[in-house]
Q: 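Supplied in structure tokens, the structure appears directly below.
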Amino acid sequence: MSESITELPAQPSPLLQLDGVSKWFGEVRALEDAHLVVGRNEIVGLLGDNGAGKSTMIKIVTGFHRPDRGTITWKGQRLEHLSVQRARDLGIETVYQERALADQQSLWRNIFMGRERTTRLGLLDVGGMRDETEKLMVDFLRFTSQAVTPESTVGSMSGGERQGVAIARALHFEAELIILDEPTMGLSVTETRKTLDFVRGIKAAGKSCIFIDHNIFNVHEVADRVVVIDRGHTAGEFKTSEISVTDLIGRMQHLAETGSLDGGAPAKAAT
């Protein structure tokens, strides 16, 4: 009797993959042979000092810059001449900490800004947009206070709540990859906790996220994997389930001193 062979189902390709990406600005090398993979339904923390190349990498992912060398792949398909609009059409959205929302506008106007709904007569569907905003407030933002309504101005909300609104907006318009650029900057401990909960909400919604933050503790807490960028190179990556935050800090310190992540002694825990 011949032995039957069970074929394993093919693994889906990563959501996003950058291979051998390089970018120069005149004589300045911003990235050289850099790599990045973001899986489906994965939160990836992007770590590195100022000037390491994180911002350039993100601007390449979002179509703002085109690489001088290397490839960008989305769901297994190579992307040529990626533009900002094309990236957005694919479902890549960026939430920038300093300009995510219009503080003087209402919550519902912020959610639908630039993507307003209209009726069959071409008029703004204000009622429909308010209703959708109220649903987001309950289902994702978990706003329970009667003091906050779709007509509330965003400027009256806390920093963590504003970050939640920006993330909710991206999810509502079916973003598949949400890039968060320093979302906890300037926030209190309480507001940072709220923001990290919203980051977890991205994964709970079945989507992916690139999370950039100078606070390694925040990144380690919510990321499935961290990628370290150093002087334009991808220095290494770690699964957060396999490395403690103390060891990660020690390796980052070793990288700054020697240019290598290998062999870094664990940092001393604060007392």
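Predicted, not measured: the structure shown is a model, and the values here were computed from it. Values below: every heavy atom of this structure, side chains too, minus hydrogens, waters and symmetry copies.
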Q: Do the side chains of Ile92 and Trp74 get nearer than 4.5 Å, heavy atoms only?
A: yes
Q: What's the spacing between Leu82 CG and Ile72 CD1 if we round to 0.5 Å?
A: 5.0 Å
Q: With side chains defined as the heavy atoms from C-beta onward, is the minimum distance between Lys59 and Lys23 less than 4.5 Å?
A: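 They are not in contact (no side-chain heavy atoms under 4.5 Å apart), so the answer is no.
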Q: So which heavy atom on Arg117 is nearest to which on Met129, and how close?
A: N-SD, 3.5 Å
Q: Is it true that, when you exclude Phe217 itself, more than 12 heavy atoms of the residues, nucleotides or ligands shown sit nearer than 6.0 Å to its CZ?
A: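 Counting neighbours around CZ of Phe217, 12 or fewer heavy atoms of other residues, nucleotides or ligands fall under 6.0 Å, so no.
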Q: Are Arg193 and Asp197 within salt-bridge range, i.e. N to O under 4.0 Å?
A: no
Q: Regarding Arg200 and Glu221, does a basic nitrogen lie under 4.0 Å from an acidic carboxylate oxygen?
A: yes
Q: Please examine the side chains of Leu248 and Leu47, heavy atoms only from C-beta on, and report whether any two atoms are closer than 4.5 Å.
A: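 They are in contact (side-chain heavy atoms under 4.5 Å apart), so the answer is yes.
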Q: Quick one, Ser158 with Glu191, criterion side-chain hydrogen bond (donor to acceptor under 3.5 Å, both in side chains). Give me CA distance, side-chain angles, the key distance, then yes/no.
A: CA-CA 7 Å; Ser158 68; Glu191 293 306 311; 2.6 Å; yes
Q: Distance from Leu261 atom CG to His254 atom NE2, nearest 0.5 Å?
A: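 Answer rounded to 0.5 Å: 8.5 Å.
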Q: Is it true that Met252 and Leu46 fall in one hydrophobic cluster, defined by side-chain heavy atoms closer than 4.5 Å?
A: no
Q: Less than 4.5 Å apart, side chain to side chain, heavy atoms only: is that true for Arg251 and Asp247?
A: yes
Q: Suppose clustering is done on Ile, Leu, Val, Met, Phe, Trp and Tyr with side-chain heavy atoms closer than 4.5 Å. Which residues sit in the same group as Phe25?
A: none
Q: Is the number of heavy atoms from other residues, nucleotides or ligands within 6.0 Å of CZ (Arg86) greater than 12?
A: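 No, because the 6.0 Å sphere around CZ of Arg86 holds 12 heavy atoms or fewer from other groups.
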Q: Would you compute the distance between atom OG1 of Thr73 and atom CG of Leu79 and round it to the nearest 0.5 angstrom?
A: 7.0 Å
Q: Show me the pairs that pass side-chain hydrogen bond (donor to acceptor under 3.5 Å, both in side chains) and involve residues 122-133, at least two apart or across chains.
A: Arg130-Glu151
Q: Under a single-linkage definition using a 4.5 Å side-chain heavy-atom cutoff for Ile, Leu, Val, Met, Phe, Trp and Tyr, are Ile216 and Val227 assigned to the same hydrophobic cluster?
A: no
Q: Could you measure the distance from the NZ atom of Lys194 to the OG atom of Ser188? Nearest 0.5 Å is fine.
A: 8.0 Å
Q: Would you check, one step at a time, whether the test side-chain contact (heavy atoms from CB on, under 4.5 Å) holds for Arg29 with Arg231?
A: CA-CA 9 Å; Arg29 180 199 67 192; Arg231 286 162 276 196; 4.2 Å; yes
Q: For Glu80 versus Arg78, what's the shortest heavy-atom pair and its separation?
A: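 Closest approach of Glu80 to Arg78: OE2-NE, 3.1 Å.
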Q: How about His172 and Phe112: are their ring centroids closer than 6.0 Å?
A: yes
Q: Given side chains that start at C-beta, do those of Phe143 and Glu161 come closer than 4.5 Å, heavy atoms only?
A: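 Answer yes - side chains close enough.
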Q: Give a yes or no on whether the backbone of Gln104 and the side-chain of Thr153 come within a donor-acceptor separation of less than 3.5 Å.
A: no
Q: For the residue pair Glu116 and Thr118, establish whether any side-chain heavy-atom pair is separated by less than 4.5 Å.
A: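 Heavy-atom side-chain distance check fails, nothing below 4.5 Å.
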Q: Tell me the closest heavy-atom pair linking Asp262 and Ser260, and the distance in Å.
A: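 Taking every non-hydrogen atom into account, N-OG, 3.1 Å.
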Q: Can Leu36 and Val21 be said to form a side-chain contact (heavy atoms from CB on, under 4.5 Å), step by step?
A: CA-CA 9 Å; Leu36 176 70; Val21 168; over 6 Å; no
Q: Over all heavy atoms of both residues, which pair between Pro67 and Ile60 is shortest? Give the atoms and the distance, please.
A: CD-CG2, 4.0 Å
Q: How long is the straight-line distance from CZ of Arg40 back to OG of Ser13, given to the nearest 0.5 Å?
A: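 It is 4.5 Å, given to the nearest 0.5 Å.
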Q: According to a 4.5 Å side-chain heavy-atom criterion applied to Ile, Leu, Val, Met, Phe, Trp and Tyr, with indirect links allowed, do Val226 and Val245 form part of one hydrophobic cluster?
A: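 Linked within one cluster.
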Q: Between Ala102 and Asn110, what is the shortest heavy-atom contact and its length?
A: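 Ala102 and Asn110 have their closest heavy atoms at N-OD1, 2.8 Å.
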Q: Quick check: closest heavy atoms across Gln17 and Val37, and the distance to 0.1 Å?
A: CG-CG2, 3.8 Å
Q: Are Val199 and Leu101 joined in one hydrophobic group, where the rule is that I, L, V, M, F, W and Y side chains link up if heavy atoms are under 4.5 Å apart?
A: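 Val199 and Leu101: one cluster.
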Q: Find out if a path of hydrophobic residues (ILVMFWY) with successive side-chain heavy-atom gaps under 4.5 Å connects Phe173 to Val95.
A: yes
Q: Is any side-chain heavy atom of Ile58 closer than 4.5 Å to one of Asp181?
A: no
Q: Looking at CD1 of Ile179 and OG1 of Thr94, how far apart are the two atoms once the value is rounded to the nearest 0.5 Å?
A: 4.0 Å
Q: Please examine the side chains of Asp103 and Arg162, heavy atoms only from C-beta on, and report whether any two atoms are closer than 4.5 Å.
A: yes
Q: For residues 202-213, run the donor-acceptor check on the side chains, cut-off 3.5 Å, and write out each pair with its distance to 0.1 Å, sequence neighbours left out.
A:
| residue | atom | partner | partner atom | Å |
| --- | --- | --- | --- | --- |
| Lys203 | NZ | Asn41 | O | 2.8 |
| Lys203 | NZ | Asp224 | OD2 | 3.2 |
| Ser208 | OG | Gly39 | O | 2.8 |
| Ser208 | OG | Asn41 | N | 2.8 |
| Ser208 | OG | Glu42 | N | 3.2 |
| Asp213 | OD1 | Thr184 | OG1 | 3.4 |
| Asp213 | OD1 | Asn215 | N | 2.8 |
| Asp213 | OD2 | Thr184 | OG1 | 2.5 |

Q: Of the options Arg69, Lys54, Met57, which is the one that meets Leu31 in a side-chain contact (heavy atoms from CB on, under 4.5 Å)?
A: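 Passing option: Met57.
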